[in-house]
Amino acid sequence: MENNDKYIGMLLDERYEILQVIGEGGMALVYKALDHRLNRNVAVKIMRDDMAADEDFRSRFCAEAHAVAMLSHPNIVAVYDVSHNDDFEYIVMELVDGITLRQYMDRRGALAWREVLHFSKQMAKALAHAHERGIIHRDVKPQNVMMLRDGTIKLSDFGIAALENEIYENNGQAIGSIHYIAPEQARGECPDARSDLYSLGVVMYEMLTGHKPYEGDSIGEIAVKHMNADPEPPHAIVPDIPQELERICLKAMSAPIDERYQSANELLTDLDEFTKAQLKAEEAAEEEGFENPAVVPIRSVSELDSERYALRHKRAGRVSFLTGTFGAISLSIALFVFLWDFWLGDVFAPAERISLPSFVGSNYQSVLENVDIASMYKFDVVYVVDTNSEAGTILNQNPEAGRSMMVTPEGIRVELTVSTGVIFAPVPDVSNIDYREAKNRLEQAGFVVEIENATSDTVTKDYVISTSPAANEQLSSGSTVYVTVSSGPKIGQVVMPNLVGLSEDAAISKLESVGLSYGGSDRVTSDLDAGTVIGQSIDAFTEIEEHSKIYLKVSSGPDEYR
């Protein structure tokens with residue numbers, strides 16, 4: 001078994017100090033590390049020794065990692081650096097301060113449909129960004145979804161999942177995570193972008209219902225269900241799921257691939273249309289004074305009446321029994337009064353109800369700091385971008401203000417929609433620094449980065465030439481900054497001069513004068529004087545690229561023993 005601690009304390013490439021193990025998978029070990037150059041914590045994923053022994057796998061690992069490093073999106077865990085040497089391969093990634101969606105779902109069970117909508121949109125945006133760049137995730141599941149404290153979702157393990165799947169296939173096991181696998185993957189066919197959308201549909205189903213759509217006693221049984229079975233409709237498990245959101249979920253996880261969403265953007269369009277329709281319906285209901293149909297009463301009148309009936313029936317029987325014994329009337333009355341004061345009064349008394357106050361327009365943090373409110377209510381928060389309100393402003397609440405609510409020991413649950421506001425920040429000055437570091441600085445400032453390449457005679461290759469918008473311009477958070485990166489000087493063509501017959505020094509000077517580089521000389525015996533050029537690596541009068549290295553053959557003089 002591989003020793004997971006052997007890298008702890010090691011300084012990789014004189015930059016990344018390995019601190020502790022934070023995770024492991026079939027392909028790699030994940031460590032928390034300190035980047036000494038930028039003084040920040042990062043996650044370092046190191047390939048397992050047995051995987052690194054396969055040269056073909058190592059080369060594919062590097063190719064995948066370099067491709068994923070080009071992804072730049074707020075909903076994708078960033079890849080900062082990729083390194084490989086004779087001993088091991090590793091990837092340096094963003095260290096996310098949060099929990100996985102799996103952990104969150106395990107704590108909460110079925111999520112409110114508004115939360116499902118909020119999370120699903122972010123995952124679909126991440127997949128759209130990756131798919132447009134030719135990268136398929138292949139293993140979308142709650143374990144690969146990180147959730148930050150503010151409700152932001154980040155997908156992890158892009159591209160690398162493809163390699164992990166290959167490991168499982170070579171070991172004769174299932175490809176991918178069987179509960180979220182697309183039917184075509186289960187059949188061993190090559191997955192595409194629509195396979196990721198199927199997996200996202202399964203994750204949506206589990207968020208809505210608290211259950212996976214297919215269970216079984218074996219991997220094979222579950223795989224067959226993915227290929228042939230129809231899942232139980234989500235509303236059969238959670239009745240108040242909106243019909244349109246259920247339709248979107250089931251379409252995403254349709255077994256026939258042509259009946260699925262054909263792109264992440266198509267799925268996003270339906271989610272956005274559903275959001276707009278829902279807002280219009282709520283506004284119309286508010287204008288008409290209707291109650292929100294998505295709110296399920298805590299307890300129905302019929303259930304309360306039945307309970308009261310049972311209690312009163314029991315009480316009636318007790319009273320009948322007591323009236324039958326005249327001699328015990330005084331004792332019975334005293335006992336009854338005692339029980340009423342300390343027990344029955346609480347049972348028969350109606351539960352305390354209050355009229356729900358309005359939180360709309362208040363600052364969410366101020367509401368939380370109110371001790372009386374915090375002790376009585378439990379808030380579920382959905383964050384939205386709203387350009388017309390300040391950050392932290394409560395835009396909507398569900399149930400609405402004025403609703404009569406029963407006070408329970410667990411607190412009254414209220415869903416709040418809170419504005420993130422529009423956050424403006426200056427574009428950092430990243431000119432003339434390595435594009436990877438520039439990308440990190442811009443993303444930390446809250447911007448999306450798009451890389452463009454251009455030749456430059458003055459800026460070093462892989463360093464930033466300029467940004468658009470320019471440095472220090474104010475830009476709203478989440479906006480795109482276009483970064484122009486140097487691909488080095490434009491390479492011109494020169495004609496190779498004839499160097500034969502020149503002295504070695506004269507030949508070197510000639511090369512430099514036409515823009516070529518001297519690569520070295522080989523000494524060979526000849527009848528010509530020592531130091532005379534008798535050959536060149538590129539034939540004279542050939543057109544070649546500037547700065548090419550030219551090697552010379554130089555006479556060492558005649559062989560005196562010949």
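Model, not experiment: these values are computed from the prediction.
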| said: What verdict does the salt bridge (charged side-chain N to carboxylate O under 4.0 Å, His left out) test give for Glu450 and Lys439, after you've listed the backbone C-alpha separation in whole Å, the side-chain angles of each residue and the deciding distance to 0.1 Å? | reply: CA-CA 9 Å; Glu450 290 286 348; Lys439 177 183 171 191; over 6 Å; no
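- Counting only heavy atoms from C-beta outward, the side chains of Met123 and Val145 approach each other to under 4.5 Å.
- One finds the CZ atom of Phe379 at 9.5 Å from the CD1 atom of Ile412 (value rounded to the nearest 0.5 Å).
- The heavy-atom pair separating Ala454 from Ile465 by the smallest distance is O-CD1, 3.8 Å.
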| task | Starting from the C-alpha separation in whole Å, work towards a yes-or-no answer on side-chain contact (heavy atoms from CB on, under 4.5 Å) for Asp270 and Phe274. | result | CA-CA 6 Å; Asp270 272 8; Phe274 167 73; over 6 Å; no
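- Side-chain contact check for Glu115 and Tyr104: at least one donor-acceptor pair (N or O, by modelled atom type) lies under 3.5 Å.
- Across all their heavy atoms, Thr100 and Pro142 have their closest contact at CB-O, 3.9 Å.
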| message | Go through it in stages, so that I can follow the logic: the residues are Phe119 and Leu101, the test is side-chain contact (heavy atoms from CB on, under 4.5 Å), and I'd like the CA-CA distance, side-chain angles, deciding distance and then a yes or no. | response | CA-CA 9 Å; Phe119 296 160; Leu101 181 59; 4.1 Å; yes
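- At most 12 non-hydrogen atoms from other residues, nucleotides or ligands lie less than 6.0 angstrom from CD of Gln243.
- Among pairs with a residue in residues 229-262, none fulfils ring pair (Phe, Tyr, Trp, His ring centres under 6.0 Å), at least two apart in sequence or across chains.
- A cation-pi arrangement is found for Arg40 relative to Tyr80, the charged atom lying closer than 6.0 Å to the ring centre and inside a 45° cone about the ring normal.
- The aromatic ring centroids of Tyr198 and His226 lie less than 6.0 Å from each other.
- At a cut-off of 3.5 Å, with distance as the only test, no side-chain donor of Ser83 or Asp81 sits close to an acceptor on the other residue.
- When side chains are defined from C-beta on, His131 does not count as touching Ser263, because their heavy atoms never get closer than 4.5 Å.
- Remark: side-chain polar atoms of Asp196 are paired, donor with acceptor, to backbone N or O of Arg138 under 3.5 angstrom.
- Distance alone, capped at 3.5 Å, is enough to place a donor-acceptor pair between the Tyr214 side chain and the Ala229 backbone.
- Of the possible donor and acceptor atoms, none in the side chain of Asn41 sits under 3.5 Å from a partner among the backbone N and O of Ala43.
- A distance of 11.0 Å separates CD of Glu259 from CD1 of Ile257, quoted to the nearest 0.5 Å.
- Of the inter-residue distances, the one linking Lys141 atom NZ with Ile181 atom CD1 reads 10.5 Å to the nearest 0.5 angstrom.
- Closest approach of Pro469 to Thr480, counting heavy atoms only: CD-O, 4.2 Å.
- Closest of all the heavy-atom pairs between Ala110 and Leu208 is CB-O, 3.6 Å.
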| field | CA sep, side-chain torsions, deciding dist, call: Ser358, Gln397, side-chain contact (heavy atoms from CB on, under 4.5 Å) | value | CA-CA 8 Å; Ser358 174; Gln397 67 181 67; 4.1 Å; yes
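- Two residues are said to be in side-chain contact when any heavy atoms from C-beta on lie closer than 4.5 Å; Thr467 and Thr484 fail this criterion.
- With a 4.5 Å cut-off on side-chain heavy atoms, Leu267 and Ile248 count as touching.
- Contact of the His211 side chain with the Ile237 side chain is registered, since non-hydrogen atoms from C-beta on lie closer than 4.5 Å.
- In this structure a side-chain-to-backbone donor-acceptor pair under 3.5 Å is present from Gln122 to Gly151.
- What you find for Arg194 and Glu184 is that their closest heavy atoms are C-OE2, 4.4 Å.
- In this structure, CG on Leu127 lies 9.0 Å from CG on Leu268, to the nearest 0.5 angstrom.
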| task | May I have the step-by-step check of side-chain contact (heavy atoms from CB on, under 4.5 Å) for Leu395 and Val360, ending in yes or no? | result | CA-CA 5 Å; Leu395 304 176; Val360 176; 5.9 Å; no
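- Remark: side-chain polar atoms of Arg260 are paired, donor with acceptor, to backbone N or O of Ser254 under 3.5 angstrom.
- Atom NE2 of His73 and atom CZ of Arg133 lie 8.5 Å apart (nearest 0.5 Å).
- Between the side chains of Glu132 and Asn265, at least one donor-acceptor pair of N or O atoms lies under 3.5 Å.
- A donor-acceptor pair is defined here as one N or O able to donate and one able to accept, closer than 3.5 Å; no such pair exists between the side chain of Thr152 and the backbone of Leu148.
- Of the possible donor and acceptor atoms, none in the side chain of Ser468 sits under 3.5 Å from a partner among the backbone N and O of Tyr482.
- Using a 4.5 Å heavy-atom cutoff, the side chains of Tyr31 and Ile46 are in contact.
- Here the side chains of Glu443 and Phe447 are not in contact, with every heavy-atom distance at 4.5 Å or above.
- From Leu117, atom CG reaches atom NZ of Lys121 across 5.0 Å, with rounding to the nearest 0.5 Å.
- With sequence neighbours left out, the side chain to side chain donor-acceptor pair (under 3.5 Å) criterion links Glu215 to His179.
- Contact check for Leu279 versus Lys276: no side-chain heavy atoms found under the 4.5 Å cut-off.
- For the pair Glu266 (side chain) and Gln262 (backbone), a donor-acceptor distance under 3.5 Å is present.
- Less than 6.0 angstrom separates the ring centroid of Tyr377 from the ring centroid of Phe359.
- The two residues Ser156 and Val77 have their closest heavy-atom pair at CB-CG2, 3.7 Å.
- A side-chain donor-acceptor contact under 3.5 Å links Lys154 to the backbone of Pro74.
- The main-chain N or O of Gly201 is never found under 3.5 Å from a side-chain atom of Tyr180 such that the two would form a donor-acceptor pair.
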